[in-house]
Trainee: 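Here it is: the structure, laid out below.
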Amino acid sequence: MQPFVYETEKELITYAKEAEGKYLFEIDKNDTLSNKNIKGKVGHIIEESYFGYSKNSKAEADFADLNIELKATGIIKDKKQQFKAKERLVLNIINYEKEAAADFFSSSYWKKNQKLLLFFYEYTQDDNKKMDAYSTQIVKVDLFQFPEEDLKVVKQDWEIIHNKILDGEAHLLSEGDTMILGACTKGSSAKTVRTQPFSEIPAKQRAYSIKQGYMSTLVRKLISEEHLISITSSKEIAEKSIETVLYNKFSPYFGMSDKEIAAKEDIQLSSGKARVANLISAMLGIKGTNLSQIEEFEKYNIKFKTITMEADGSLNEHMSFENINFEEYATVPWEDSSLKEKFETTKWLFIIFQKNDRGEKVFKNIKLWNMPEETIENELKSFYLQTQKVLNTGVILTKTARGVKNNLPSAQDNPVCHIRPKAKNAEDKVKLPDGQWITKQCFWLDKKVLYKLIL
DNA sequence: GCATGATCATGC
DNA sequence: GCATGATCATGC
C-alpha cells in the first residue's frame, strides 16, 4: 500500500479520528496481531495498516510535512475504575553528543515531538496477564501540543537535562530532576550505555518522555472528561517551583495543632487515614476535595506521607509503604521492578508534625522529596537484590519468643529500607515463592533517611 | 531503650 | 475482605 500524503493537518486528523472506537483486529491488515513478539504492536499496526507506512526511527516526525509525530499510548483503569495512563510516553532517544550543541527549539525533542498525534488505546490483559491484543480498542485520538503554560515547565525541564549533559553529568540524569519532560532509561538493560561529550563516564541510554502523571491528567481530561482542580498555575510553577508554591500555601499553618487547623478551616477531624488528607485539602483552600482530584498532585505524581516527630525531635517509627508482592520481587529483574519505578517517579510530600508536651500534633513543616538517584542505584537496588536472593534460595522462618522471624533484609542490613510485618495479625499470611507461608510484610523506609530530611 | 515482630483502625 | 496508615509492645 502506498502511503497517502496528507496535505493538511485537518485532513490527517479527520482520517485519524475515524479510528476512534475501532478494535485493533479491525485495523490490522498484515496479521501483526498474531505475532507474539512485537514490542509496540499497537503503534506498529496503526502505522503500517492504518496509515500505510513502515516503521522508522527517523529524526524527523512521522508525518514530516506536517511536523506531526504519531504515538500510540495505553490507558488502564485504576482501583477506582478510573482511567489513567498505563505508563509514561517515551519519545526519542537522546544523543548526548548532538543534543549538547542544541538549544530548546533546535533540540531533537522539539524537532520531532512538538505536535503529537496520540492514539489512546485501552490496555487489557488475558487470563495469563499478557496483553490481550484482540480486545484492544482505540478509545481516543487527539492532536496534542503542550499548552503554552505547560511548555514553560517543559522548557525548564529540557534545560535541566541539557545542563547536566553540558556539565559532563549525563550519567547522573534522573527522572526526579524534572517535572513533565523526563529523561527515562531506555534499553534492554542497565548496560545499554552511550558516550557523552564532556565526560569519559558512559551514561545510561535515555529517551525523552512525557511523565506518566502528566499523561494521566491528559487521559482524565480528554477521555473521562473530568474536571480537575488546580491549586496553582503552570506559570507560577515555572517561576517559583512546586515546592515553593506548596510551602507558601502551608506555611501559614505551621505551629498550629491539627485540631486548631480543623477549627480554623471549619472541618471535621476524622480519626482515620482521611485525617491528614482532609487537613491538606483544607489548607490548600479546597476543603472537601479528594486529593486525587488535584491536578498538580496527579500531573507531578505527588503523594503525601505523614511524619510525626516526638517532642524532643526524634522519630519513633520508620515509614511503612505497601505490602510486598513476593512473587514480583522473586521474578522481576531490578531494572523492571515496580519498586525502582516507584521511587524514580514519585515526589513525596512529607507533612511533618511534632508532638508537643500535651501530646498534640503540631504542624511543623513540609518537605517535597524524591529519592536521590544514587540512593536508588545503591541502597534500594541492593535491598531489592538481597530480597530477591533470599526469596530464591529459600526464606528461613524461625520461631522465637517474640513471634516468627525471617532472614529478609532487616533494618540492620540496609540503612535506607527494610522489610517488616504489616498484617491484621501474625496469622494473616501470604504464600512465598518457595511455598512457605509468611505473615504479610511491607516495605519500610528507614527513619534515618527521614531524620536527615526534616533537620 | 531499641529493634523488630505484631496489631489496630479505617476506608474502599 | 483486604490494603494501608499508624502505632504498640516486649525480649534482648
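Protein chains get the first letters and strands the later ones, always in sequence-line order, with residue 1 at the start of each.
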Trainee: Backbone N or O of A:G213 within a donor-acceptor pair of the A:N301 side chain at under 3.5 Å?
Mentor: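 Not a single qualifying donor-acceptor pair exists.
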
Trainee: Once you round it to whole Å, what is the distance between P of C:dC2 and CG of A:N323?
Mentor: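 Taking CG of A:N323 and P of C:dC2, I get 12 Å after rounding.
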
Trainee: Name the nucleic acid region contacted by A:K305, choosing base, sugar-phosphate or nothing; use a 4.0 angstrom heavy-atom cut-off, strictly under.
Mentor: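 Counting heavy atoms under 4.0 Å across all strands, the contact made by A:K305 is with sugar-phosphate only.
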
Trainee: Among the candidates C:dC12, B:dG5, B:dT7, find the nucleotide nearest to the side-chain atoms of A:A426.
Mentor: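 From the listed options, B:dT7 comes nearest.
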
Trainee: State whether A:Q412 places a side-chain N or O below 4.0 Å from either non-bridging phosphate oxygen (OP1 or OP2) of B:dT4.
Mentor: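 Yes, A:Q412 has a side-chain N/O under 4.0 Å of OP1/OP2 on B:dT4.
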
Trainee: Checking contacts here: which listed nucleotide (B:dG5, C:dA6, C:dT4) is nearest the side-chain heavy atoms of A:R420?
Mentor: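 Ranking B:dG5, C:dA6, C:dT4 by closest atom to the A:R420 side chain puts B:dG5 first.
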
Trainee: Confirm from the modelled atom types if A:K273 and C:dT4 form a donor-acceptor pair under 3.5 Å, side chain to base only.
Mentor: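 Result: at least one qualifying N/O pair found.
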
Trainee: For A:K422 and C:dA3, what is the distance between atoms NZ and C1' respectively, to the nearest whole Å?
Mentor: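 One finds 8 Å between C1' of C:dA3 and NZ of A:K422, rounded.
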
Trainee: I need the CG-C1' distance between A:N406 and B:dG5, as an integer number of Å.
Mentor: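 The answer, rounded to whole Å, is 9 Å.
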
Trainee: C:dA6, OP1 or OP2 - any side-chain N/O from A:T306 closer than 4.0 Å?
Mentor: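 Answer is yes, contact under 4.0 Å.
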
Trainee: From CD of A:E427 over to P of C:dG1, roughly how many Å is that when rounded to an integer?
Mentor: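 That distance rounds to 17 Å.
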
Trainee: Nearest-Å distance, CG (A:L315) to P (B:dA3)?
Mentor: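 Interatomic distance, CG of A:L315 to P of B:dA3: 12 Å.
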
Trainee: Is any side-chain heavy atom of A:T136 closer than 4.5 Å to a side-chain heavy atom of A:T124?
Mentor: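 Heavy-atom side-chain distance check passes, below 4.5 Å.
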
Trainee: Please step through side-chain hydrogen bond (donor to acceptor under 3.5 Å, both in side chains) for the pair A:E374 and A:N378, ending with a clear verdict.
Mentor: CA-CA 6 Å; A:E374 50 175 345; A:N378 294 309; 4.8 Å; no

Trainee: Check the distance between B:dT4's P and A:D446's CG and give it to me in whole angstrom.
Mentor: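 From A:D446 CG to B:dT4 P: 10 Å.
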
Trainee: Please classify the nucleic acid contact of A:E317 as base, sugar-phosphate, or nothing, using heavy-atom distances under 4.0 Å.
Mentor: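 Base, at least one base heavy atom under 4.0 Å.
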
Trainee: Applying a 4.0 Å non-hydrogen cut-off, can you work out what A:K361 is touching in the nucleic acid: base, sugar-phosphate, or nothing?
Mentor: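 The residue A:K361 makes sugar-phosphate contact but no base contact.
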
Trainee: Pick the closest DNA chain B nucleotide for A:H318 and for A:G272 by heavy atoms, then say which residue is nearer the 5' end.
Mentor: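 Per heavy-atom nearest nucleotide, the more 5' residue is A:H318.
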
Trainee: Roughly, in whole Å, what's the span from NZ in A:K424 to C1' in C:dG1?
Mentor: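 Computing the A:K424:NZ to C:dG1:C1' distance gives 9 Å.
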
Trainee: Select one nucleotide: of B:dC12, C:dT7, B:dT4, the one nearest the side-chain heavy atoms of A:A411.
Mentor: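 From the listed options, B:dT4 comes nearest.
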
Trainee: Can you see if the side chain of A:T439 gets near the phosphate of B:dG5 - specifically, an N or O under 4.0 Å from OP1 or OP2?
Mentor: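 No, A:T439 has no side-chain N/O under 4.0 Å of OP1/OP2 on B:dG5.
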
